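Below is one structure; the comments refer to it alone.
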Amino acid sequence: RTPLNGIIGYLQLVINELYDTPEEAREFLLGAQQSAEHLLTIINDVLDIARIEAGKMRLQPGETSIVAVLDQVQRLVRVQADEAGLQVEYQPVDDELTAWCDEERLRQVLLNLIGNAVKFTPAGGRVAVGVQRRDEEGDVRFEIRDTGIGISPDKLEAIFCKFVQADGSTTRRRGGSGLGLTISRHLVELMGGALGGDSDGEGKGSVFFFTVPLHRGGEGRIPTSDGNAAPVEGHGRNRPLALVVEDDPLYRDYLCGLLEQHGFVTTWAATADDALLVLKEHVPRIVTIDYSLPARESARLNTGWDLLVELQRDERLAHTVTVIVTGDGEVLLRRLETERLPSGIEVISKLDVPAELPGAIERALPGGPDGRHSRILVADDDPHFRLVLGRLLEDRGHELLWAKDGEECLRLLEVAADTIDLLLLDLRMPTINGYEVLERLHQLGSALPVLIVTAFPEPETIEERMMLSGGGLTRLLTKHEVLSDPGRFCELIEHSINSDGQD
Ligand code: ADP
């Protein structure tokens with residue numbers, strides 16, 4: 001509301017003739033005009049943010065001449081820089097250099113970053129704009145360096161958040177909405193790049209950098225509606241599933257090939273939204289995510305980051321190894337640190353994939369795809385017993401999924417049955433009890449081995465007894481038996497898994 005108050009205030013002065021000379025009246029009107037222009041930029045920013053958040057930001061990517069964009073930016077910034085008593089230096093750029101992006105949005109990002117550098121650098125300082133074509137990364141990298149007021153390390157990531165300004169007092173002097181960097185980061189990510197900033201501290205200048213892709217990423221880079229995810233075929237209990245989220249078909253084939261060499265069945269998705277659809281149906285052991293994903297206009301999730309946040313929220317995926325593949329690992333690592341996502345997310349730069357991805361794959365499969373280590377679903381409402389089981393089985397390299405009652409157990413079986421090797425089932429649980437779970441498995445014709453672990457060895461009623469004889473039961477153990485001879489229990493588990501439900 002600050003600029004609006006300015007407009008009203010100046011107009012009041014003029015309307016009430018509170019000026020001494022016509023020149024002074026003109027000055028008040030100019031003040032009102034400046035405030036109005038400021039208000040216009042804020043409104044434009046707010047509209048941009050609203051569009052981005054609603055997934056309605058429309059980009060028009062195309063072959064964009066970098067020299068042409070920089071020329072326009074230079075002209076637009078000159079007045080502001082002259083007023084501030086600053087030199088802005090532009091590194092010479094090859095006339096032929098082009099990038100694959102939305103020209104207007106590229107100009108907007110550059111104007112925002114260079115405008116900030118000018119705004120936050122005192123007279124006599126220097127602002128330098130560098131451009132680098134990086135063939136190996138397949139992008140063009142822009143860098144805007146200034147000798148201005150700098151940013152303290154604890155504020156560095158926060159300034160990318162909506163409406164945040166490092167220091168309210170400087171902003172009141174220098175204007176702005178605190179939206180520019182947020183918008184710029186979103187725009188750059190929508191164009192398939194990444195944006196970050198750095199500073200050695202207050203008073204020590206700042207540097208902001210971002211990338212845009214050099215080339216169009218093959219057909220379907222900005223996907224339409226169909227054909228952006230592969231069907232999952234042919235993976236059973238013995239072939240673990242890997243999901244590759246990557247829009248570039250060549251790179252996707254490469255990653256899928258690498259994972260298949262390690263014994264995975266692979267599937268892929270080209271956008272974060274499509275990946276979410278795959279994840280609704282399946283629980284992969286490993287997911288690789290390209291950080292810079294394109295999004296459809298109506299997308300719910302726009303970027304690799306959005307997908308990552310979604311993955312972290314889904315408890316079914318607690319044991320899924322997440323690997324982010326990115327062109328600019330540094331920006332991402334800082335973001336992971338400051339936004340405190342749970343650890344366990346691996347970040348691998350595209351250049352390091354051949355050397356580092358196999359290690360991540362090994363971690364996804366403690367015993368290798370053919371090893372005896374397995375994924376076991378434990379359905380038991382007793383947290384203490386679950387803790388003991390966890391210790392016993394995880395120590396032997398097995399991976400555990402938990403269900404705190406029968407309902408959750410059935411839900412997990414529905415979405416993840418083909419990645420589960422064994423069900424450890426308690427009989428008396430809230431919501432749906434173990435007998436009903438068995439009956440359901442039986443109806444489905446499931447071959448999943450089940451080991452019943454119960455505190456009460458005897459079925460209580462005739463119906464319970466009938467259900468037990470009808471279900472796909474492998475063995476029944478009492479909790480007392482488990483606790484008194486854990487070694488035998490573990491052997492039994494491994495035997496049940498290997499006998500593949502035939503026992
Ligand atoms: P605005 O500039 O409209 O306040 P931005 O999102 O562009 O919003 O920037 C957010 C904050 O980041 C600024 O208020 C300022 O505190 C800090 N900032 C941005 N660029 C620089 C820079 N080059 N030097 C110092 N601080 C900066």
Side-chain angles (χ1 to χ4, degrees), residues 1-4 6 34-53 57 73 76-77 79-81 83-91 105-130 141-190 193-210 331 334-335 338-339:
R1 266 172 287 190
T2 311
L4 196 51
Q34 267 172 15
S35 301
E37 276 162 10
H38 182 195
L39 184 60
L40 183 64
T41 58
I42 293 180
I43 289 175
N44 282 336
D45 282 355
V46 171
L47 287 176
D48 271 353
I49 278 286
R51 243 178 249 136
I52 287 168
E53 291 192 341
M57 175 58 82
V73 167
L76 290 167
V77 171
V79 183
Q80 190 194 353
E83 273 176 8
L86 281 177
Q87 280 282 334
V88 182
E89 290 160 21
Y90 296 83
Q91 180 192 326
R105 297 305 180 176
L106 173 64
R107 191 166 48 236
Q108 181 178 352
V109 173
L110 280 165
L111 280 174
N112 176 236
L113 297 183
I114 303 175
N116 275 351
V118 171
K119 194 158 72 170
F120 296 108
T121 304
R126 208 180 134 245
V127 174
V129 181
R141 186 178 191 275
F142 294 82
E143 186 183 282
I144 295 96
R145 195 174 278 282
D146 66 54
T147 58
I149 63 170
I151 302 156
S152 71
D154 57 315
K155 304 255 172 62
L156 252 179
E157 196 56 33
I159 57 171
F160 288 98
C161 299
K162 271 181 292 183
F163 301 110
V164 172
Q165 301 178 316
D167 171 4
S169 64
T170 51
T171 307
R172 247 169 269 129
R173 272 206 314 276
R174 296 166 205 261
S177 62
L179 288 172
L181 287 175
T182 314
I183 294 169
S184 293
R185 175 177 266 179
H186 276 292
L187 289 176
V188 165
E189 287 177 355
L190 284 173
L195 184 150
D198 207 354
S199 168
D200 287 335
E202 280 178 56
K204 300 205 171 127
S206 316
V207 56
F208 285 84
F209 39 84
F210 68 96
V331 176
R334 174 147 335 116
R335 201 166 170 192
T338 43
E339 300 199 12

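Worth saying up front: this structure is predicted, and the values here are computed from it rather than measured. For the numbers below, each heavy atom of this structure counts, side chains included, while hydrogens, waters and symmetry mates do not. Just follow the structure's listing: the first ligand is 1, and inside any ligand the first atom is 1.
- In the candidate list I183, I159, L156, L179, I159 is nearest to atom 17 (C) of ligand 1, counting heavy atoms.
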- Message: Does D48 form a side-chain contact (heavy atoms from CB on, under 4.5 Å) with R51? I'd like the steps, not just the answer.
- Response: CA-CA 5 Å; D48 271 353; R51 243 178 249 136; 3.2 Å; yes
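- With L113 as the fixed residue, the side-chain contact (heavy atoms from CB on, under 4.5 Å) test singles out one of L110, L111, V109: V109.
- When side chains are defined from C-beta on, N116 counts as touching L181, because their heavy atoms get closer than 4.5 Å.
- Summarising the contacts of atom 7 (O) of ligand 1 with N116, I114, T182, I42, the nearest heavy atom is found in N116.
- Some N or O of G178 is nearer than 3.5 Å to an N or O of ligand 1, by distance alone.
- For ligand 1, the atoms lying closer than 4.0 Å to a non-hydrogen atom of G150 are 25 (C).
- Near N112, meaning under 4.0 Å from any of its heavy atoms, are these atoms of ligand 1: 7 (O).
- With contacts defined as side-chain heavy-atom distances shorter than 4.5 Å, the pair Y90/V77 qualifies.
- When non-hydrogen atoms are compared, ligand 1 lies under 4.0 Å from neither the backbone nor the side chain of L113.
- The residue T121 has no part lying near ligand 1, judged by heavy-atom distances below 4.0 Å.
- At least one N/O-N/O distance between G180 and ligand 1 falls below 3.5 Å.
- No option in V88, L106, V129, I114 other than I114 meets the side-chain contact (heavy atoms from CB on, under 4.5 Å) test with V73.
- Below 4.0 Å from some heavy atom of A117 lie the following atoms of ligand 1, by number and element: 23 (N).
- Counting only heavy atoms from C-beta outward, the side chains of I159 and F208 approach each other to under 4.5 Å.
- Contacts of F160 with ligand 1, taken as heavy-atom pairs under 4.0 Å, are absent altogether.
- Residues L195 and F160 meet the side-chain proximity criterion, which asks for heavy atoms closer than 4.5 Å.
- Contact annotation for K119 and ligand 1: only side-chain heavy atoms (C-beta onward) come within less than 4.0 Å of the ligand.
- Listed for the S152 side chain is no donor-acceptor partner under 3.5 Å among the backbone atoms of E202.
- Side-chain atoms of F210 and L187, non-hydrogen and from C-beta on, never get closer than 4.5 Å to each other.
- Interface of F208 with ligand 1, defined as ligand atoms under 4.0 Å from a residue heavy atom, comprises 20 (N), 21 (C), 22 (C), 23 (N).
- Ligand 1 has a nitrogen or oxygen under 3.5 angstrom from a nitrogen or oxygen of L181.
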